Amino acid sequence: MFELVLKNGQVFWEDSLIAADLAINGEKIAAVGFGLSGRREIDVSGRWVLPGAIDAHTHFSLPFAGAISADDFYSGSIAGAAGGVTTFIDFTAQKGDEGVLESLSRRKAEADPLVGIDYSLHACIGRYNKTVEEQLPQLAAEGVTSLKIFMAYGKSGLMQNDASLLKVLSACRQHGILITVHAENGVIIDALTDAATEAGELGIEALPKTRPVFTEVEAIRRISDFARHTGCKVYVVHVSSGDGAHTLWGERVNGSPLAGETCPQYLYLDDSMLVPPDGHLWGCCPPIRSKPQQDLLWKCLATGEIAVIATDHCPFTRADKNTWNNKITSLPMGLPGIETFPGLVLNGVHSEKLSLKRAVRAISENPARIFGLYPEKGSLIPGTDADVMIYNPDCNTPISARSMHMRTDYSPYEGLACRGRNEMTLLRGQIVFNQAEGWKGQKGGGKFLKRKATDPDFF
Ligand code: URP
Ligand code: ZN
Ligand code: ZN
């Protein structure tokens, strides 16, 4: 007799759904099989029983252009759990010339009392210096096996130049640390932005003009050369364009150790929205792209050319966004997304944009493998953490900011008819969210996950 059995579900097993029960003892999955009995049983007939989603790219309480992203680690956890997310990976923030360990302990101290689901952090740097380099082995020993760098945001002091890219990738290769990179050519973007400033053309239409697709493609090609040369494994965050995704795959096929991530905003939103009066509410970097780029991106997902979908969750309120003074250079960039994330990806399965296998891999298994969490996270294998999303594929719920938990007063997807929704989320065997009662987890109940090195077989 098991402690808890989810009865009669459609369980995601070896890349497809099978009719089965899923049993849980304590924090772990105990068995997947038929006719299992539990002291507690929940009937999940007609529901898909999926591994909890992993959002490998969130920004809780991130300062940006004078505002702070609206979700903190607690509200973000609740919103994530409501959507079916059981683990997220956020970022540290380097102050001045400090090392990665100082920013790690500061960010952990901020997160630990608040997190309601499990989490990890990418170490994030703007300045690569001797202290950072010396601390890389200790960083990995603390379970932080990825370092985030930027090829853009020159004006905020975050951008790495080519010489620094070479140094940081060589060192990370040596210490088994995965590089995650914001790949846009910051030099060109800054030049185009300066020209737009001089011309007095900084309205929202300037966002895609100052960050054209080729700046992403060029940066992906360049980082690929550094990855190939150094042997450092590189994960490109928020690939926004089909051209970028296709370039990444071409480089990978030619021996570059690359993996790519895209986000729901690049799959569902397009640049026709970037017009006055409200287009600034859709402002993010890289910007949302044209419809043909979006179509190509879906194709790259369907074939597995893009491995991961994450959110880049960085929500601002209308009031925050409205401080922009009609200048993209003063606009808090980013969109809310953690709560709508698994639902929008699975909606793509219903609309036959990608298979269920690709969808579940992109939101659970692949991020777990790439970020050293598999199989404890990202699978339903007996013996691993019982992180589960119970998903109803047969309902239609138009997206509405008012019915969600993210601390923002608009959704970029407002009114979008999304088929299916998460009904219940279990974190390590405990129900942390269900549709009838809402949030049932605990502030501080999430756990910091010490990650292993990335799965070399993935690259
Ligand atoms: O617009 C975005 N994406 N804001 C968050 C920061 C980043 O570049 O990921
Ligand atoms: Zn970025
Ligand atoms: Zn981001």
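As the structure lists them, so they are numbered: ligands from 1, and atoms in each ligand from 1. What you see is a predicted model, and the numbers here were worked out from it, not measured in a lab.
Sorted by first and then second residue, the ring pair (Phe, Tyr, Trp, His ring centres under 6.0 Å) pairs involving residues 192-222 (not counting sequence neighbours) form an empty list.
Nearest protein neighbour of atom 3 (N) of ligand 1, counting heavy atoms only, is Asp312 OD2, 2.6 Å. Shortest contact from atom 1 (O) of ligand 1 to any protein heavy atom: Cys285 N, 2.8 Å.
Set against the non-hydrogen atoms of His57, the atoms of ligand 1 under 4.0 Å away are 9 (O). Near His182, meaning under 4.0 Å from one of its heavy atoms, ligand 1 places the atoms 8 (O). Contact atoms of ligand 1 toward His238: 8 (O), 9 (O) (distance under 4.0 Å to a heavy atom of the residue). Residue contact check: Tyr153 has heavy atoms under 4.0 Å from atoms 6 (C), 7 (C), 8 (O) of ligand 1. Close approach to Cys284 involves these atoms of ligand 1, each under 4.0 Å from a residue heavy atom: 1 (O).
Between the side chain of Thr262 and the main chain of Val239, a donor-acceptor pair closer than 3.5 Å is present.
Ring-centre distance between Phe433 and His405: below the 6.0 Å cut-off. Ring centroid separation for the pair Tyr413 and Trp282 does not come in under the 6.0 Å cut-off.
Within a 6.0 Å sphere centred on NE2 of His246, other residues, nucleotides and ligands contribute 12 heavy atoms or fewer.
For Cys314, every N, O or S atom stays at 2.8 Å or more from the Zn ion (ligand 3). At a threshold of 2.8 Å, the Zn ion (ligand 3) has a backbone or side-chain N, O or S atom of His59 nearer than that distance. Residue His182: an N/O/S atom is found under 2.8 Å from the Zn ion (ligand 2).
With a 6.0 Å cutoff to the six-membered ring centre and a 45° limit on the axis angle, Lys443 counts as a cation-pi contact of Tyr74. Under a cutoff of 6.0 Å and an axis angle of 45°, Lys108 and Phe448 form a cation-pi pair.
Atom OD1 is the N/O/S atom of Asp312 found closest to the Zn ion (ligand 3).
A donor-acceptor contact under 3.5 angstrom links the side chains of Asn347 and Tyr268, judged on distance only.
Residue contacts with ligand 1, taken as heavy atom pairs separated by less than 4.0 Å, do not involve Phe150 at all.
At a 3.5 angstrom cut-off on N or O pairs, Gly283 does not count as close to ligand 1. Between Met333 and ligand 1, an N or O atom pair is found at a separation short of 3.5 Å.
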- request: List the steps, then state whether salt bridge (Lys or Arg N to Asp or Glu O under 4.0 Å) holds for Asp387 with Lys377.
  value: CA-CA 7 Å; Asp387 291 352; Lys377 303 294 186 188; 2.6 Å; yes

